[in-house]
Amino acid sequence: MLCFGGLSVAIALALLPSSSEALKEGDCEVCVTFLDKFYQSLQDNQVKFTAPEIEKAIVKTCKEAKGKDNRFCYYIGATSDAATKIINEVSKPLSYHVPVNKICEKLKKKDSQICELKYDKELDLSTVDLKKLKVKDLKKILEEWEESCKGCAEKSDFIRKINELMPKYAPNAAKARTEL
């Protein structure tokens, strides 16, 4: 009798999801955020929730993705240059309305790199001292604005260009900086 009790406890523990499998807060940040936005866009655009339709929509969305979102698309095989295709690991569960975090947990088991993606921290341009930033960060600001700084050789050139373009791309930050 005691043997059956121990056996049933062992079976119950084996069936419970382990804590290492469940996503913790902040895990798979890019995966969860991208798929949440994507799922919402599917609902907003009234796309049929079938795996082939969702796959088409993922590929279309990934063509316009930039930065970490594009890297996520590459990992799941939704970009033209991707080496592997696990896009069906996203489209099929989404067609059944499986929660996004569960999909990301499954993707993490297939390719751990997916959950290592993190978004870069946003800079508050209204308060940051541009002179203390690295040139790499200054270039990244211009890149996000889809601008370039031709002929920029010195850090001061990049700072001048950012200050020149700030009213166009970050008007609130530019206004706050003039008030300082």
Side-chain angles (χ1 to χ4, degrees), residues 13-125 128 133-150 152 158 161-162 165 169-170 173:
L13 288 175
L15 294 176
L16 286 174
S18 71
S19 60
S20 65
E21 291 175 17
L23 292 180
K24 296 171 189 73
E25 187 68 33
D27 275 0
C28 294
E29 175 186 4
V30 174
C31 178
V32 171
T33 306
F34 180 85
L35 290 180
D36 265 338
K37 286 191 283 187
F38 177 70
Y39 182 76
Q40 191 60 48
S41 75
L42 290 176
Q43 289 179 324
D44 293 346
N45 296 327
Q46 299 173 343
V47 173
K48 287 183 184 175
F49 275 87
T50 62
E53 289 295 318
I54 292 172
E55 267 187 47
K56 284 181 200 170
I58 290 174
V59 171
K60 184 179 177 190
T61 301
C62 285
K63 281 183 182 175
E64 297 155 11
K66 298 206 182 317
K68 302 295 180 177
D69 290 341
N70 182 270
R71 180 59 38 190
F72 171 75
C73 290
Y74 174 79
Y75 287 153
I76 64 168
T79 59
S80 58
D81 61 340
T84 60
K85 292 261 187 224
I86 57 171
I87 193 169
N88 61 330
E89 299 290 335
V90 175
S91 60
K92 201 171 222 173
L94 274 178
S95 69
Y96 299 124
H97 303 279
V98 172
V100 167
N101 59 339
K102 295 293 182 192
I103 296 170
C104 291
E105 282 176 25
K106 194 172 179 184
L107 289 173
K108 183 179 182 179
K109 291 177 193 171
K110 295 265 184 203
D111 186 355
S112 62
Q113 294 179 80
I114 289 171
C115 285
E116 292 170 4
L117 288 172
K118 301 256 185 257
Y119 288 114
D120 297 329
K121 292 181 181 175
E122 288 289 318
L123 289 174
D124 182 8
L125 289 173
V128 72
L133 292 179
K134 295 179 181 177
V135 172
K136 175 181 155 187
D137 296 327
L138 296 171
K139 285 181 179 179
K140 192 185 294 182
I141 292 169
L142 290 171
E143 189 178 290
E144 286 173 9
W145 292 346
E146 297 178 357
E147 292 282 349
S148 63
C149 191
K150 288 184 170 61
C152 293
F158 287 100
K161 184 74 170 182
I162 289 171
L165 293 170
Y169 293 101

Return the SG to CG distance between Cys149 and Leu165, rounded to the nearest 0.5 Å.
8.5 Å

A side-chain contact here means heavy atoms from C-beta on lying under 4.5 Å apart; do Ile54 and Ile58 qualify?
yes

Considering only heavy atoms from C-beta outward, does the side chain of Leu142 approach that of Lys161 to under 4.5 Å?
yes

Ignoring hydrogens and geometry, is there a side-chain-to-backbone donor-acceptor pair from Asn45 to Val47 under 3.5 Å?
no

Return the minimal non-hydrogen interatomic distance between Lys118 and Cys115, and the atom names on each side.
NZ-O, 4.2 Å

Lys63 atom NZ: more than 12 heavy-atom contacts under 6.0 Å:
no

is_close_aromatic(Tyr119, Phe34), centroid dist under 6.0 Å
no

For Asp69 and Val30, the nearest pair of non-hydrogen atoms, with its separation, is OD1-CG1, 3.8 Å

Report the C-alpha distance between Val100 and Phe38 in whole Å, list the side-chain angles of each, state the deciding distance to 0.1 Å, and finish with yes or no for side chain to side chain contact (heavy atoms under 4.5 Å, CB included).
CA-CA 10 Å; Val100 167; Phe38 177 70; over 6 Å; no

Pairwise side-chain contact, Lys37 with Thr33, heavy-atom cut-off 4.5 Å (strictly under)
yes

Roughly how far, to the nearest 0.5 Å, is CG of Asp137 from CD of Glu143?
11.5 Å

State the CZ-SG distance between Phe72 and Cys62, to the nearest 0.5 angstrom.
7.5 Å

Which atom names give the shortest non-hydrogen contact between Lys85 and Thr79, and what distance separates them?
NZ-O, 4.0 Å

Do Asp120 and Lys140 have side chains that get closer than 4.5 Å, going by heavy atoms?
yes

About how many Å separate CG of Leu35 and OG of Ser41, when rounded to the nearest 0.5 Å?
10.5 Å

Atom CD of Gln43 with >12 non-hydrogen neighbours under 6.0 angstrom
yes

Taking all non-hydrogen atoms of both residues into account, name the closest pair between Ile86 and Ile114 and its distance.
CD1-CD1, 4.1 Å

Kindly compute the distance separating CG (Leu125) from CG (Leu133), expressed to the nearest 0.5 Å.
8.5 Å

Would you say Cys104 and Cys31 have SG atoms less than 2.5 angstrom apart?
yes

Does a side-chain heavy-atom distance below 4.5 Å link Phe158 with Ile141?
no

Short N-O contact, Glu105 and Lys108, less than 4.0 angstrom:
no

Angle between ring planes, Phe49 versus His97, binned at 30° and 60°: parallel, tilted or perpendicular?
tilted

Once you round to the nearest 0.5 Å, how far does OH of Tyr74 lie from OG1 of Thr84?
7.5 Å

How far apart are the closest heavy atoms of Asn88 and Ser91, and which atoms are they?
CA-OG, 3.3 Å

Counting only N and O atoms by type, is there a donor-acceptor contact under 3.5 Å from the side chain of Lys92 to the main-chain atoms of Ala51?
no

Below 4.0 angstrom, N of the basic side chain to O of the carboxylate: do Glu89 and Lys110 qualify?
yes

